[in-house]
Amino acid sequence: MDKCIFCAIAKGEVPGDILYEDNSVLAFRDNAPQAPTHLLVIPRRHVASAAEMDDPELWGKIMSLAVKLGHDLGLDEGYRMVINTGDHAGQTVPHLHLHLMAGRTFGWPPG
Ligand code: 5GP
Ligand code: ZN
């Protein structure tokens with residue numbers, strides 16, 4: 001997709017603080033973190049939102065990478081995973097991304 005910022009990061013056209021990447025998924029730091037640790041896990045190929053995801057294996061890779069990062073980064077006190085989907089959820093970047101946030105407590109229910 002043209003002009004998708006996360007596609008550009010995935011292609012290396014725009015710098016990203018990338019912690020992990022392979023041929024199907026990558027994880028990088030959010031550039032406006034909402035928590036001491038705030039990562040985004042995305043599919044490498046453009047998928048507009050969770051509602052558009054058509055590949056269960058790729059879903060599994062995204063979720064597995066998020067949990068692995070939680071382990072590898074020692075987020076033993078817990079973390080929150082969020083996937084904003086669509087306007088009511090506040091999705092601002094139309095490329096599926098899982099927020100992995102840690103390092104503080106999070107309220108429930110979210111606002
Ligand atoms: P959303 O609101 O769509 O769930 O989350 C989008 C997230 O992407 C936000 O937390 C925002 O800070 C982050 N973001 C937007 N543009 C960029 C960018 O160019 N680089 C990085 N690393 N994060 C971005
Ligand atoms: Zn994209």
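As the structure lists them, so they are numbered: ligands from 1, and atoms in each ligand from 1. Scope of the values below: all heavy atoms of this structure, side chains included, with no hydrogens, waters or symmetry mates. Throughout, numbering of the chain's residues begins at 1 and tracks the sequence. Treat the numbers as computed from the prediction; the structure is a model and nothing was measured.
Contact atoms of ligand 1 toward Ala32: 12 (O) (distance under 4.0 Å to a heavy atom of the residue). With ligand atoms numbered from 1 in the order given, ligand 1 contributes 20 (N) to contacts under 4.0 Å with heavy atoms of Ile9.
The residue among Asp30, Leu40, Asn31 with a heavy atom at the shortest distance from atom 10 (O) of ligand 1 is Asp30.
Sorting the N, O or S atoms of His46 by how far they are from the Zn ion (ligand 2) puts ND1 first. For His95, the N/O/S atom at the shortest distance from the Zn ion (ligand 2) is named ND1.
Using a 4.0 angstrom heavy-atom cutoff, Ile83 does not count as in contact with ligand 1. A heavy-atom separation below 4.0 Å is not found between Asp17 and ligand 1. Note on ligand 1: Gly16 sits outside its first shell, no heavy atom being nearer than 4.0 Å.
Checked against a 3.5 angstrom limit, the closest N/O atoms of Val93 and ligand 1 fall inside it.
Looking at atom 8 (O) of ligand 1, its nearest protein heavy atom turns out to be Phe6 CZ, 3.4 Å. Protein heavy atom nearest atom 22 (N) of ligand 1, with residue, atom name and distance: Arg29 O, 2.9 Å. For atom 5 (O) of ligand 1, the closest heavy atom belonging to the protein is His97 NE2, 2.9 Å.
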